[in-house]
Amino acid sequence: MLINVNCIRRTPAALLRKAGLSAAVLSLSLANAFAAPAFDQPDADFRGSMNAAGVVYAGTEAQLAGRGFTPGQEVILLQNGHTLTPKALVADKEGNLSTTLVIPAEAAVGVHPVVMQVSKPSTAGIFNLKVSPKVELSGQDKFELQSQHLVPGLYQSAYSPKNKMLFVTSAVGRPPVKQSQLLKVNPKTLAVEASVTPAAQQSRNDGQVQAVYGVDVDDAHGHVWVTNTRSNTVAVYSQKDLKLVKQFEDGAASHARDVVVDQKNQRAYVSSPGSKLISVFDTKKLATLGPIELKSQTRGQLSPMSLALDDENGRLYTVSASTNELLIIDLKDGNAQTVYALPGSRGAAGVAVDSKNGQIYVASQGSDNLLIVNAKDGSVQHDIKIGAGALNVAFDPKTSLAYVASRGAGTVTAVNGKGEIVANLDGGSFPNHVSLDGDGNAYLVNKSKGKDDQTADRITRIHLK
């Protein structure tokens, strides 16, 4: 047995002194370990927020910006128990702050909650940092693309099989929106054959026009239906000369987004994000009808986005961005509803239907993916990582392909019913919407990143070879 000689030589007094020092150190350590938190003055009116600029990929730097903080307020960022900011970020005299974070190359794709530990005065908050999938371009050799610059602020397009024309909407900026056009475009040459600027919004005196956003055609009556999102209503124009046929009064459809026309039953349906209603209009009488009230299976507030119509089977489809649900309305059965949860979806935005094969395509802007859902039971058959900001989707029965516009990634992706990416094509900046002509052509419109953006405000015809 080994014996420590130094211990043997110590006197009882020395040992007591040693024990007393150790107890004092232990007491101090315990006091520090269990010290009461400093409950200093809390921030009772905290309005600070942070976000990442642009798309964030693993292995890159994320530019973070904060606003709404109290000048001089200090912020430390933490994620999964780790401090991301060695030094506290300090809000400037305007209440703004910024920093750069290096995202690890092994960072998982998805939404990562980041804690904001705030002091002077103190509070805490969380913001979501999304790491998006990087999907490389592919399959360009399988498609023919033709592109043409149109006008600023392109939003959506719709094709008239009867008149073989495209109708495209555009709106620029935030209220008061003074620049907006409805365009009549030749689908072969992509040249603008006619255009009209909407009339001024009568309920305002700041020059805002009845700007046009969503669009669909009514070949039965020769009309074009558009949504006036900023004034919460819709309007009807003539396909022939783009003259205004009917401007519905402001408030007829709250934050009107998408419109689809059921020509057989002479109805137009309009979605309203932030509302639980689908507005309904009579396309023959040009009159407002009673809305469809959507019913969520959650306690959350519904926010219906895109619409898809299966007129042959009398069904209307939409997705809710806030509750991530798929809602199927049976138009033949008193608007009876079937609601499916969308596991793996965040910010559901786009919807399209393959009625022949019983598949529903859902594009989700917040989770950067495309879900292929079984229409019979709501089960997810495929979950495909598409690219940042998957916003809209259209299914083409002619080619059996779904085309997904991903706003953040700048791509349009062709996917088959097996969940395979057939091609991932360059869509320019901010791809916004895809429409179809029924003859195997898809039409993509995209928006602008700024005045020097050479790929912006274009319509692109995509044809499978």
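Just so it is clear, the values below take in all heavy atoms, side chains as well, and ignore hydrogens, waters and symmetry mates.
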Please assess Val362 against Leu370 for the test side chain to side chain contact (heavy atoms under 4.5 Å, CB included), listing each intermediate value before the final yes or no.
CA-CA 6 Å; Val362 178; Leu370 177 72; 5.6 Å; no

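- To the nearest 0.5 Å, the span separating CG on Asn186 from CD on Glu193 amounts to 4.5 Å.
- Under the 3.5 Å distance criterion, the side-chain polar atoms of Ser367 are matched with a main-chain donor or acceptor of Arg346.
- Counting heavy atoms from C-beta on, the side chains of Ile103 and Leu129 come closer than 4.5 Å.
- Scanning both residues, Phe167 and Lys184, for their nearest heavy atoms gives CE2-CG, 3.7 Å.
- Applying side chain to side chain contact (heavy atoms under 4.5 Å, CB included) to Ser320 and the options Val339, Thr298, Leu302, Leu326 leaves one that passes, Leu302.
- Without hydrogens or angle criteria, Lys142 side chain to Val422 main chain gives a donor-acceptor distance under 3.5 Å.
- The environment of Lys93 atom NZ is sparse: at most 12 non-hydrogen atoms of other residues, nucleotides or ligands sit within 6.0 angstrom.
- Panel note: side chain Ser322, backbone Gln301; a donor-acceptor pair is recorded below 3.5 Å.
- A distance-only check finds a donor-acceptor pair linking the side chain of Asp43 to the backbone of Phe46 [under 3.5 Å].
- Between the side chain of Thr227 and the backbone N or O of Arg257 there is at least one donor-acceptor pair closer than 3.5 Å.
- A heavy-atom distance below 4.5 Å is not found between the side chains of Lys276 and Ser296.
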Audit row: Gln239, Ser160, side chain to side chain donor-acceptor pair (under 3.5 Å) steps and yes/no:
CA-CA 9 Å; Gln239 287 192 34; Ser160 165; 3.2 Å; yes

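- Ring geometry, Phe248 versus Phe281: the interplanar angle exceeds 60°, so the pair is classed perpendicular (tilted spans 30 to 60°).
- Few gaps surround NZ on Lys385; more than 12 heavy atoms of other groups in view lie less than 6.0 Å from it.
- Residue Thr233 comes nearest to Ala252 through the heavy atom pair OG1-CB, 3.5 Å, listed as atom of the first residue, atom of the second, then distance.
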Start with the C-alpha distance between Asn424 and Thr413, add both sets of side-chain angles, then the distance that settles side chain to side chain donor-acceptor pair (under 3.5 Å), and finish with yes or no.
CA-CA 4 Å; Asn424 191 43; Thr413 310; 2.6 Å; yes

Report the C-alpha separation of Val415 and Ile386 in whole Å, then their side-chain angles, then the decisive distance to 0.1 Å, and conclude whether the side chain to side chain contact (heavy atoms under 4.5 Å, CB included) test is met.
CA-CA 9 Å; Val415 180; Ile386 293 294; 3.8 Å; yes

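- Here the side chain of Asp453 pairs no donor or acceptor atom with the backbone of Ser448 at under 3.5 angstrom.
- Expressed to the nearest 0.5 Å, how far CG of Asp216 lies from OG1 of Thr169 amounts to 11.0 Å.
- Note: Tyr443 OH to Gln146 CD = 9.0 Å, rounded to the nearest 0.5 Å.
- A donor atom on one side chain and an acceptor atom on the other are found under 3.5 Å apart for Thr100 and Gln63.
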Between Leu190 and Arg458, is a side chain to side chain contact (heavy atoms under 4.5 Å, CB included) present by the stated rule, with each step listed?
CA-CA 10 Å; Leu190 303 182; Arg458 305 180 75 84; over 6 Å; no

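- A donor-acceptor pair is defined here as one N or O able to donate and one able to accept, closer than 3.5 Å; no such pair exists between the side chain of Ser272 and the backbone of Ala253.
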Between Leu331 and Ile329, is the side chain to side chain contact (heavy atoms under 4.5 Å, CB included) condition met? List the steps.
CA-CA 6 Å; Leu331 302 173; Ile329 301 122; 3.9 Å; yes

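- Remark: the backbone N or O of Ser379 is not paired with any side-chain donor or acceptor of Asn374 at under 3.5 angstrom.
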Can Asp258 and Ser271 be said to form a side chain to side chain donor-acceptor pair (under 3.5 Å), step by step?
CA-CA 5 Å; Asp258 272 29; Ser271 63; 4.8 Å; no

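- Remark: Asp368 engages Lys130 in a salt bridge, criterion side-chain N to carboxylate O under 4.0 Å.
- Of all the heavy atoms in Ser303 and Gly274, the pair that sits closest is OG-N, 2.9 Å.
- In terms of heavy-atom proximity, Val55 sits nearest to Gly408 at CG2-O, 3.5 Å.
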I'd like to know whether Gln263 forms a side chain to side chain donor-acceptor pair (under 3.5 Å) with Asp311, so could you lay out the CA-CA distance, the side-chain angles of the two residues, the decisive distance to 0.1 Å, and finally the verdict.
CA-CA 8 Å; Gln263 297 183 87; Asp311 55 359; over 6 Å; no

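- The side chain to side chain contact (heavy atoms under 4.5 Å, CB included) search around Asp333 returns Asp330, Ala336, not counting sequence neighbours.
- The closest side-chain donor-acceptor pair between Gln140 and Asp426, if any, does not fall under 3.5 angstrom.
- In terms of heavy atoms, Ala390 sits closest to Val404 at CB-CG1, 4.1 Å.
- The heavy-atom pair separating Phe143 from Ala423 by the smallest distance is CE1-CB, 3.4 Å.
- Looking only at distances, no side-chain donor or acceptor of Asn392 sits under 3.5 Å from a matching main-chain atom of Val434.
- Under the 3.5 Å distance criterion, with hydrogens and angles disregarded, no donor-acceptor pair is assigned to the side chains of Glu293 and Asn335.
- Asn232 contributes a side-chain N or O that, together with a main-chain N or O of His255, makes up a donor-acceptor pair within less than 3.5 Å.
- The side-chain heavy atoms of Gln337 and Ile292, taken from C-beta on, include a pair separated by under 4.5 Å.
- Between atom CZ of residue Arg47 and atom OG1 of residue Thr123 there is a gap of 13.0 Å, rounded to the nearest 0.5 Å.
- Checked for salt-bridge contact, Arg204 and Asp206 meet the test: a charged N lies under 4.0 Å from a carboxylate O.
- Annotation for Glu420: atom CD counts as buried by contact number, over 12 foreign heavy atoms lying within 6.0 Å.
- Interatomic distance, OG1 of Thr399 versus CG of Leu436, reported as 7.5 Å (0.5 Å rounding).
- If you take CG on Leu101 and CD on Glu61, they are separated by 9.0 Å, rounding to the nearest 0.5 Å.
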